[in-house]
K.L.:
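My questions will all concern the structure given below.
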Amino acid sequence: MEKFIPDEVRIKRTLENYERVKNNIAEAAIKAGRKPEDVRLMCVTKTVEAEYINPVLDSGASLIGENRVQEYLAKRDLLHLDGVEKHLIGHLQTNKVKQIVGEVDMIESVDSVKLAKEISKCSVKKGVISNVLVEVNIGEEDSKSGIFLDGLEELLIEIGALPNVAVKGLMTIPPICEETEARKYFEQMHKTFIDIKSKNLDNINMELLSMGMSGDYEAAISEGSDIVRVGSAIFGARQYF
Ligand SMILES: *Cc1c(COP(=O)(O)O)cnc(C)c1O
């Protein structure tokens, strides 16, 4: 097999991007009257080779997000993951649950009772507690996963009753749109988050609101995001093979 030779220029650019995104996050937080350390940067590493991820991890990145169970399990041994938190952010099929339970720190993409039950079952079997976020389809788009707002509370109540699953908050991907429109979706998500929190549902913690990606993370921060998930603004445009 040919040895993969990483592109030094691309590594340098990636590190510059990472620093720039960190600075932008801090500035957006301050502008919103928040503390920079209250907003976490997730580096979304899907489709990116370990050679370009490790320099960012070595520079102090402490949270990564991957979309696919298979891809993550195949490349994690190549990653410098000491002290790094790992979240699954992609749509999770029920038949992949047993492979990922216990292998990541959070599953951000829970959107049905069926999926939550499977996570619960596998977590009991493995003797672990699975931290999850519930994914909300805020734009009610058929093309996206996530629960619609009108089903959210009922879903949370049902998940709250399951053993070994700990709900920590909400995640969303708004429709592709202009920033002013995205802002409205983020604002609506934040309102929902605060509203659910005030209801103190059994076994439901509303600590984390995960929203904002490369194109809109600053808007998301000003509307109350706790975790921004940034891929292409750090690693460049993704190449799918
Ligand atoms: C790919 C992905 C991201 C990152 O997207 P960018 O626009 O590249 O920053 C964030 N969240 C989820 C769920 C994703 O699938």
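For ligands, and for the atoms within them, numbers begin at 1 and follow the listed sequence. Positions are given from 1, in the same order as the sequence printed here.
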K.L.:
Using a strict 4.0 Å cut-off to heavy atoms of Ser214, name the atoms of ligand 1 that fall inside it.
P.N.:
6 (P), 7 (O), 8 (O), 9 (O)
K.L.:
Check ligand 1 against Val230 and write out every atom of the ligand that is under 4.0 Å from a heavy-atom position of the residue.
P.N.:
9 (O)
K.L.:
Suppose we screen for salt bridge (Lys or Arg N to Asp or Glu O under 4.0 Å). Which residues come up paired with Lys184, at least two apart in sequence or across chains?
P.N.:
none
K.L.:
I'd like to know if the side chain of Asn17 pairs up with that of Arg20 as donor and acceptor (distance under 3.5 Å, no hydrogens or angles considered).
P.N.:
yes
K.L.:
Do you see a donor-acceptor pair shorter than 3.5 Å between the side chains of Ser210 and Arg229?
P.N.:
yes
K.L.:
If you take the nearest heavy atom of each of Arg229, Met171, Arg238, Met211, which one is closest to atom 11 (N) of ligand 1?
P.N.:
Arg229
K.L.:
Test of understanding: given a 4.0 Å heavy-atom threshold, classify the contact between Asn67 and ligand 1 as side chain, backbone, both, or neither.
P.N.:
side chain
K.L.:
Just checking, any donor-acceptor pair under 3.5 angstrom between side chains of His190 and Glu223?
P.N.:
no
K.L.:
Checking side-chain polar atoms at under 3.5 Å, does Thr45 have a donor or acceptor matched by the opposite partner on Glu66?
P.N.:
yes
K.L.:
Tell me whether Glu108 reaches ligand 1 (any heavy atom closer than 4.0 angstrom to a ligand atom).
P.N.:
no
K.L.:
Under 4.0 Å from a heavy atom of Ile173: give me the atoms of ligand 1 that qualify, with their elements.
P.N.:
13 (C)
K.L.:
Taking atom types as modelled, find out whether His80 and Asp58 have a side-chain donor-acceptor pair closer than 3.5 angstrom.
P.N.:
yes
K.L.:
Could you pull out, from Glu135, Arg68, Glu66, Met213, the option with a heavy atom nearest to atom 3 (C) of ligand 1?
P.N.:
Met213
K.L.:
Please determine if Gly231 has a nitrogen or oxygen closer than 3.5 Å to a nitrogen or oxygen of ligand 1.
P.N.:
yes
